[in-house]
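Atom set for the values below is all heavy atoms of this structure, side chains included, hydrogens, waters and symmetry mates excluded.
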Amino acid sequence: MPRSINLRQVEAFRAVMENGTVSAAAAALNVTQPAVSKLVSNLELDTGLRLFDRLKGKLTPTAQGAHLYEEVDRVFSGLHQIERAIETVRREQKGRLLVGVLPALSGHFIQHVTMRFLESEAHVFVSLIVRGSPGLADWLVTRQVDVGILNARVEHPDLETEPFLNHPLVCIMPVGHPLARKAVIRPEDLHEQPFVGFDEGVEIRRRVDEVMASHGCEPRLVLKATTAPTLCEFVAHGLGLSLVHPLMAGPVKGRVAIRRFEPAIDNHFLLAKATKARNAGLVDLFIQHARECGDQLMREALIA
């Protein structure tokens, strides 16, 4: 009848399966090779299973061994999830901030803001939730997020908002493009030019289309994207030109030329919080860092 097994035997078995050899498993567990061999042998004896074939001193997993490893790996994955949950609970007890952010600002920008915030508030557990403006507005009202960065006008008696990163769209183009010789780009300059645009569901796309149509101009759309970072990367690689908020061009600075576009197409984001925000002190501090990082990154982006 199989005897009870212990966790150390299972750990040794798992280490051999994942590292390929007894010596590598011993190094991973920081024990001797004979100790690993004994633990594995005892596991086979206690379970009544043949987990490995032994050929010329090497262990080769049997079908039983492979099947057992699948179950063991599932259990250890569950244990790791519990460990992460415990760490989350510990950190949440020290302070928690739920930040909702648009996909367009979920990379370089929010990383800068969050890292600056954590420099002074290292004890706070920050959760970043990436969603579109309508969803973020609803979550702010229902207190599912503490602070949000949106790109659509929101009017609700339980929300406080302020314009943020207010600046007209700029024209970006590959370095060396003939239009880069001009200081100001106009709709007629983009007529029939290869153009990388936003998807129709993005507000900027609709506003750009309206301006172009009002001037009787139509760029040649070669690709559309839902997020600004994707769009900017294609422009940087020479696919075409585009109109974006200058902050979006920051990560590709040096790989694109940035020029003023007229007539101006205003564009801004919103910083939003609940009127009676939970963790009001942390929320206000995060908003302060967002303003400061926004100003800094905007200055850097506008240096052509």
Side-chain angles (χ1 to χ4, degrees), residues 84-85 87-167 169 198 201-204 226-230 232 244-251 266-302:
R84 289 193 292 270
E87 179 61 23
T88 297
V89 171
R90 285 174 177 164
R91 297 189 67 180
E92 287 181 354
Q93 288 176 341
K94 301 176 182 178
R96 185 184 187 194
L97 188 68
L98 302 176
V99 179
V101 62
L102 295 164
L105 296 175
S106 63
H108 184 65
F109 172 76
I110 202 63
Q111 180 262 331
H112 261 268
V113 177
T114 304
M115 291 301 294
R116 180 175 292 189
F117 173 80
L118 290 174
E119 285 177 4
S120 61
E121 305 295 327
H123 64 284
V124 176
F125 179 78
V126 178
S127 291
L128 296 177
I129 301 168
V130 181
R131 293 199 68 181
S133 281
L136 289 179
D138 290 341
W139 280 26
L140 281 162
V141 172
T142 57
R143 304 298 198 274
Q144 295 181 69
V145 296
D146 300 314
V147 58
I149 304 176
L150 301 77
N151 66 349
R153 187 173 67 177
V154 176
E155 295 181 2
H156 193 283
D158 293 332
L159 293 183
E160 296 179 12
T161 64
E162 63 176 89
F164 176 60
L165 300 174
N166 192 4
H167 197 282
L169 300 182
F198 284 100
V202 180
E203 174 64 21
I204 292 177
T226 56
T227 64
T230 301
C232 290
V244 298
H245 189 283
L247 184 63
M248 301 299 101
D266 290 331
N267 184 232
H268 69 268
F269 299 89
L270 290 176
L271 286 170
K273 66 176 182 178
T275 303
K276 297 180 180 179
R278 174 184 56 191
N279 299 327
L282 295 178
V283 168
D284 290 342
L285 181 59
F286 191 90
I287 288 176
Q288 177 185 333
H289 286 306
R291 294 191 199 102
E292 293 172 355
C293 284
D295 291 342
Q296 176 188 341
L297 293 175
M298 283 288 289
R299 286 195 299 269
E300 294 174 357
L302 291 171

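Val202 pairs by the side-chain contact (heavy atoms from CB on, under 4.5 Å) definition with Phe198, Asp199, Ile204, not counting sequence neighbours. For the side chain to side chain donor-acceptor pair (under 3.5 Å) test, no residue two or more places apart in sequence or in another chain qualifies with Thr226. Phe286 meets the ring-ring contact (aromatic ring centres under 6.0 Å, His included) test with Phe117; sequence neighbours excluded. In this structure, Glu160 has no side chain to side chain donor-acceptor pair (under 3.5 Å) partners at least two apart in sequence or on a different chain. Annotation: ring-ring contact (aromatic ring centres under 6.0 Å, His included) contacts of His112 (sequence neighbours excluded): His108. Residues forming a side-chain contact (heavy atoms from CB on, under 4.5 Å) with Thr142 (at least two apart in sequence, or on another chain): Gln144. In terms of the side chain to side chain donor-acceptor pair (under 3.5 Å) criterion, Asn166 has no residue partners (sequence neighbours excluded). Applying the side chain to side chain donor-acceptor pair (under 3.5 Å) criterion to Gln111, with sequence neighbours excluded, gives no partner residue.
Between atom CD1 of residue Ile110 and atom CG of residue Leu128 there is a gap of 6.0 Å, rounded to the nearest 0.5 Å. Note that CG of Leu118 and NE2 of His289 are 9.0 Å apart. Values are rounded to the nearest 0.5 Å. Here Leu105 contributes atom CG and Phe269 contributes atom CZ; the two are 4.5 Å apart, rounded to the nearest 0.5 Å. Taking CG of Leu169 as the reference point, atom CE of Met248 lies at 11.0 Å (rounded to 0.5 Å).
For the pair Thr275 and Pro157, the tightest heavy-atom approach, listed with the atom from each and the gap, is OG1-O, 3.4 Å. When every heavy atom of Ala249 is checked against every heavy atom of Val244, the shortest pair comes out as CB-CG2, 4.5 Å. Heavy atoms only, all atoms of each residue included: Ala137 and Leu159 are closest at O-CD1, 4.2 Å. Closest of all the heavy-atom pairs between Ser127 and Leu98 is CB-CD2, 3.4 Å. Here the closest heavy-atom approach between residue Ser120 and residue Leu285 is recorded as OG-CD2, 4.0 Å. Closest non-hydrogen pair, Leu150 versus Ala272, comes out as CD1-CB, 3.6 Å.
One finds no salt bridge joining Arg96 and Asp146 here, because no Lys/Arg side-chain nitrogen approaches an Asp/Glu carboxylate oxygen to under 4.0 Å.
Pairs of residues two or more places apart, or lying in two chains, that qualify as salt bridge (Lys or Arg N to Asp or Glu O under 4.0 Å) and include a residue from residues 287-297 are Arg116-Glu292, Glu162-Arg291. Within the structure, no pair that satisfies the salt bridge (Lys or Arg N to Asp or Glu O under 4.0 Å) test touches residues 121-143, not counting sequence neighbours.
Put simply, the side chain of Leu165 does not reach to within 4.5 Å of the side chain of Ile149, judged on heavy atoms. Within the 4.5 Å cutoff, no side-chain heavy atoms of Val147 are placed close to those of Leu282.
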- From CA spacing to verdict: side chain to side chain contact (heavy atoms under 4.5 Å, CB included), Thr227, Ser106: CA-CA 10 Å; Thr227 64; Ser106 63; over 6 Å; no

- Take Met298 and His245 through the side chain to side chain contact (heavy atoms under 4.5 Å, CB included) test and state the conclusion after the steps. CA-CA 10 Å; Met298 283 288 289; His245 189 283; 3.4 Å; yes

